[in-house]
Student: 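One structure, pasted below without further comment.
Residue numbers start from 1 in every chain, and the chains themselves are labelled A, B, ... in the order their sequence lines are given, proteins ahead of strands. Only heavy atoms go into these numbers, but all of them, side chains included; no hydrogens, no water, no symmetry mates.
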Amino acid sequence: MPMTENIKINIKNLWFYYNDHPILEDISLEIPQNTITAVTGPSGQGKSTFLMTLNRLWESIEETRIKGHIEIRFGSDFQNIYDKRYNVSDLRRQVGMVFQVPNPLPMSIYNNIAFPLKLKGENNKTLGSFRVEDALKRSFLWDEVKDRLNEDARALSGGQQQRLCIARALVLNPQVLLLDEPTSSLDDKSGRVIEDLLLELKKDCTMILVSHYLDQVKRIADSGMVLSDRQMKQQW
Amino acid sequence: MKPEFFDRLFNYFSWGCSILLVGAVLTIVGFLIANGYQSLNLHLIFDDTRPLDAIFLKSQVFDGLFPAIAGTLFLITLSIIVAIPLGLATGIFLAEYCPPKIKGSFSLLFDILAGIPSIVVGLFGFCVTIFLHHYFYTRLFPCLLISALSLAFLVLPYIIRTTQISLETLPLSVRLTAPSLGATKLQNIFYVLLPSSLSGILSGIILSIGRCAEDTAVIMLTGAVATAGIPKSVFSSFEALPFYIYYISSQYSDNSELMKGYGACLILLFICISLFVFAHWIKKRLSQKILYRP
Amino acid sequence: MIIRNLTALLIFMIMLFFLVAGNCFAGELDRFKGEKQVLRISGGTAHIPVMKEAAKRIMTFNPDIRITIAGGGSGAGIKQVGEGLVDIGNSGRKATEAEINKYGLKMIKWAIDGVAAVVNPKNLVKTLTRQQLQDIFSGKIANWKELGGNDKPINVYTRDKASGTRSIFWKKALEKKDITSRANVVVSNGAMKTAVNNDPYSIGYVSVGFINDSVFAIVLDGVKPTMDSVKQGQYTVARGLYSNTKGDVKGLAKKFIDYLLGPEGQKIALEKGFIPVS
Amino acid sequence: MDVKETIFKSVFFAASILSAGITLFILGFMIVLALPILKQGLFFDMLTGPWAPDHGLFGLGPMIIGTICIALMALVISFPVSLGCSFFIGILNPRGLGKWLKKIIESMTAVPTVIYGFVGIFFLVPLVRELFLKGSGMCILSAAIMLSILISPTMILFFVQSFSMVPQNDLNAVDALGGNTAQKFFYVVLPHSWKGMLTGIILSFGRAMGDTLIALMISGNSVAFPGSVLDSARTLTAHIALIIAADFDSIEFKTIFLSSIFLYIMTSFGIIMSRFSFKKRKTINET
């Protein structure tokens, strides 16, 4: 099995319930390293929920329940992310997420990007500013904002805000990046910039992309999945 | 024919009632202004004492409203200092930590606390004081501290409720941002959730301040007196504006004292309405600023 | 030479003495020098005007002193001083044996006062007999017409049970006859005066010290309640005004009571309409 | 990090327990203090009997009747006015004036009760006395009028809120069928909103019953069973304020704990009822 070497995420028999109604039924999936895996399908079928099972974010939502097994390979070993001893904050620093609507926090551009560092308790200012710059550069935003890092992040355009959110997710160097329709609230041009950015990021991250746009999926994804009727099917 | 008649009646009735109520309010305010505007001057507040001397406590004001206004301010400050941390912590617990099963009973209890007549809370404060005085600490009397604590209980449910509701109504996107970046629950609460619901919480606090400023029943049982001067410590009796109004209304000795009562009414009304308007302004302005979305 | 000098010295000393003696009226406040405490007073509402004036003078002389004054009535005054909630508890009646024994109260009488039935100045009825008064308060006589006044129902005002004024009036004027339960209840002498002044068809009772032209004091059995008639003993619905302390009077409370009993305090009492005891 | 989380969680939890505990402690403390008279088994007599301390009678009957009369009457006055005002705001809204009326009514909630009492004494009481030529003007009617102004904002805001929950589709349907405003109200608005309105009424009643100052200042405070609306009467709240000056060891004083317990239970009962009606409505909407 030469492939196992490259497997990043291993999902086995995943069930998900909301209010005791199953949303996901018995999903098993392997996701290779440094690829973009696209998930498409009708809306309201739990694509976002599927993403949230990978960083345990669903735990913040009431009346939800999960069954099954998810392993992610950090370094050389697979880790069961639902292990009781596994720290959920650490997990989310390794598995970043970008949402459908850009969600900059009500603070300056710089502080937005540095926020995850603050959460982690890293107080080294010089190292911090270096990492912020690096994250902004990797998300193609540095040139546009380098002169106004102290401005309110919410004053940026929609596309810029979304790249800011990607930069914010990247500042901790995550190994996996979950993208929940990152271009759906943007115009075509801004969307294209984000697509280019994602292709560039493939060398560092394993990405799972939820998207409505089949053409987008075709352009950038390495493999495509469809989620419908609570089942996940490989499309190509 | 007939339906139109009802329609007209309905119209007249609505107009009539609205005019009646607005008229009643205007009468009340107009009556106070017509009788009290002459007494609104520095003399009303400071009597014959020089204002600066009074403010820096160099000399005391005897027949002015200054001690009552100062007493009310001390009272508000103290009770808010007690009520805010307690109310915020409880509101956070209800919104973020409380298991749904016991949430119902908790909120029922706070609704009941909000509904208890204030005089009952005052009586409770009075009796606890007497009890403590009798069995533990004989230097404890009904005083500023006791009044402030009792008032804090009275406004506690307002702060709890506004905190809880402001937190609970935050959109999921705001709620999930920080956790997705590795924030712990506590970090999420302090860095994102509380700042985002600040406007709602603040306006709740300001409304509670208004409640502290206006309540009379609690303080008349727990330490407000007719003459006290500026309170020396939290263990002193004190004067307060609403109590002064009550006191004057029942026992003014001459017309000039009654005039001071009208003046005090206008000042208290002004304070309370300003706080109310301020609360609404904060709610509106801050929410535009903080909950701004492109 | 020496004798002349001595005489001059003597004259100078005598002059100084008179100077000091002449000043001793103002010097009465000297005893409050250096005091910093809080003095808590509550109880009888008839006492309040005197207490307020005395407090004002003392606190003007020494702004470090705080004197807080609350009402409540004689019952509250006795109870609160007994429980140690206040330093001085005023009462408009003598404390009962039981109260004195229970708390070890010391009573100090510093003025004499009467309690008069009062009506609105516009009322045509100016004189009453004790019997009529009792009938009015018990509700038997319910219209001013029966007494020669206007055809209006009588509005009776009374005080709550903690009031010393009420207990004296009930004992000495109503001779312990019932007071109708329909009577409106007010909380102090001041409130009674205000209520009677505002209601043209009212009758109530206040301390004689509170009577001015805003209320009319009823001539009872031919005796007009005034300071003089109370003093001469013709008007019998009279009582002492007391300040009570728990145990022996000491500290600031003693200085305050001494001040009340001194010339200046007694003058304040007189100015406020009460009869000094000395 | 985990320790910090746990500490804060326990602090939040402790605060909630403290806040909730106070609510229960108030009731418990009152019951303990009232025990001496509860033990005598005169509970029922005390709630109904007359008040005549000179004859050793300490019944709260007149105060309970007084409280209920004044609060009910305030409700009776306030209800139609509030209904009219909420029609004005929620249904008619002529030329956008409804918004302004709502603003005025919202700011009425900030007016201190002692001010209503003050204006009551010097404006309303003489008016009532001269108008009805009977009594002192300090009576149930005066207190009820002032209280009705006090509680009407609560009622109106609840009514308006319930009106706004009526589905717009249903309103449009009536309009499309050519129905007039009154029909719209009776056939669409009322069936949808009566439960919310009931909640408003219950809460306003509690507010009227719990207010001290207005009753204390202008209802006259006599201890007789009231016979007409022009009679002076005493509410339980005013009774507490008046008897607080009495000797704490006397039976008289103990009755105010009984008054407190009665008020506490009545208001809690109202709140439980209002929650119940709200819950019911929610489930109806869901199904």
Student: Measure distances from D:Leu236 to the heavy atoms of chain B and classify the residue's part below 4.5 Å as side chain, backbone, both or neither.
Tutor: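 Neither the backbone nor the side chain of D:Leu236 comes within 4.5 Å of chain B.
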Student: Mind listing the closest non-hydrogen atom pair of D:Ser19 and B:Leu113 along with its distance?
Tutor: O-CD2, 4.3 Å
Student: Quick check for you: to the nearest 0.5 Å, what is the distance between B:Leu32 atom CG and D:Ile115 atom CD1?
Tutor: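 B:Leu32 atom CG to D:Ile115 atom CD1 measures 6.0 Å (nearest 0.5 Å).
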Student: Taking all atoms of both residues into account, what is the closest heavy-atom pair of D:Phe122 and B:Ser249, and its distance?
Tutor: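 Here D:Phe122 and B:Ser249 meet closest at CZ-O, 3.7 Å.
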Student: Parallel, tilted or perpendicular: which one describes the rings of B:Tyr97 and D:Phe12, with boundaries at 30° and 60°?
Tutor: tilted
Student: Where on D:Ile156 is there a heavy atom nearer than 4.5 Å to chain B: the side chain, the backbone, both, or neither?
Tutor: side chain
Student: Taking all atoms of both residues into account, what is the closest heavy-atom pair of D:Ser152 and B:Leu21, and its distance?
Tutor: OG-CD1, 3.5 Å
Student: Please find the pair of heavy atoms, one from B:Met220 and one from D:Leu213, that lie closest to each other, and give the distance.
Tutor: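 Heavy atoms of B:Met220 and D:Leu213 come nearest at SD-CD2, 4.3 Å.
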Student: Non-hydrogen atoms of chain B under 4.5 Å away: do they reach the side chain of D:Ile121, the backbone, both or neither?
Tutor: side chain
Student: When rounded to the nearest 0.5 angstrom, what is the spacing between CG in B:Asp215 and OG1 in D:Thr113?
Tutor: 7.0 Å
Student: Contact part of D:Ile261 toward chain B, heavy-atom cut-off under 4.5 Å: side chain, backbone, both or neither?
Tutor: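 Answer is neither: D:Ile261 stays 4.5 Å or more from chain B.
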Student: Heavy-atom distance under 4.5 Å to chain B: side chain of D:Phe29, backbone, both or neither?
Tutor: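 For D:Phe29, the contact with chain B is made by the side chain alone.
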Student: Heavy-atom pairs under 4.5 Å with chain B: which of D:Ile145, D:Leu124, D:Val111, D:Leu203 has the most?
Tutor: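 Going by pairs under 4.5 Å, I would pick D:Val111.
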Student: Do the rings of B:Phe124 and D:Phe25 sit parallel, tilted or perpendicular, given the 30° and 60° boundaries?
Tutor: perpendicular
Student: Under 4.5 Å from any heavy atom of chain B, what part of D:Phe269 do you find: side chain, backbone, both or neither?
Tutor: neither
Student: Considering all heavy atoms of both residues, which atom of D:Thr267 and which atom of B:Ile116 are nearest to each other, and what is their separation?
Tutor: OG1-CA, 4.3 Å
Student: Under a 4.5 Å heavy-atom cutoff, which of B:Leu156, B:Val25, B:Leu108 has the most pairs with chain D?
Tutor: B:Leu108
Student: Determine the minimum heavy-atom distance between B:Ile273 and D:Ser107, stating which atoms define it.
Tutor: CD1-O, 3.6 Å
Student: Among D:Ala14, D:Gly210, D:Gly84, which residue has the highest count of heavy-atom pairs closer than 4.5 Å to chain B?
Tutor: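 Among D:Ala14, D:Gly210, D:Gly84, the one with the most close pairs to chain B is D:Gly84.
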Student: Between D:Tyr116 and chain B, with a heavy-atom cut-off of 4.5 Å, which part of the residue counts as in contact: side chain, backbone, both or neither?
Tutor: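 Answer is side chain: those atoms of D:Tyr116 sit under 4.5 Å from chain B.
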Student: With rounding to the nearest 0.5 Å, note down the distance linking OG in B:Ser18 to CG in D:Leu97.
Tutor: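 Rounded to the nearest 0.5 Å, the OG-CG separation comes to 9.5 Å.
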Student: Given heavy-atom pairs under 4.5 angstrom as the criterion, report whether the side chain, backbone, both or neither of D:Ile89 touches chain B.
Tutor: neither
Student: B:Glu214 side chain to D:Val114 main-chain N or O, any donor-acceptor pair under 3.5 Å?
Tutor: no
Student: Does B:Lys103, at its NZ atom, have more than 12 non-hydrogen atoms belonging to other residues, nucleotides or ligands within less than 6.0 Å?
Tutor: yes
Student: Ring-plane angle category for B:Trp15 and D:Phe88, please: parallel below 30°, perpendicular beyond 60°, tilted otherwise.
Tutor: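 Perpendicular, since the angle between the ring planes exceeds 60°.
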Student: Which residue is it: B:Tyr262, B:Tyr247, B:Tyr244, B:Tyr246? I am looking for the one with a ring pair (Phe, Tyr, Trp, His ring centres under 6.0 Å) to D:Phe118.
Tutor: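 Exactly one option meets the ring pair (Phe, Tyr, Trp, His ring centres under 6.0 Å) with D:Phe118, and it is B:Tyr262.
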Student: First locate atom CD1 of B:Ile189, then atom CZ of D:Phe8, and finally report the distance between them rounded to the nearest 0.5 Å.
Tutor: 9.5 Å
Student: Can you say whether D:Ser78 sits under 4.5 Å from chain B via the side chain, the backbone, both, or neither, judging by heavy atoms?
Tutor: neither
Student: Can you check whether B:Lys185 reaches D:Lys9 side chain to side chain, under 4.5 Å on heavy atoms?
Tutor: no
Student: Is D:Ile105 close to chain B through its backbone or its side chain, or both, or neither, when contacts mean heavy atoms under 4.5 Å?
Tutor: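 Contact with chain B involves the side chain of D:Ile105 alone.
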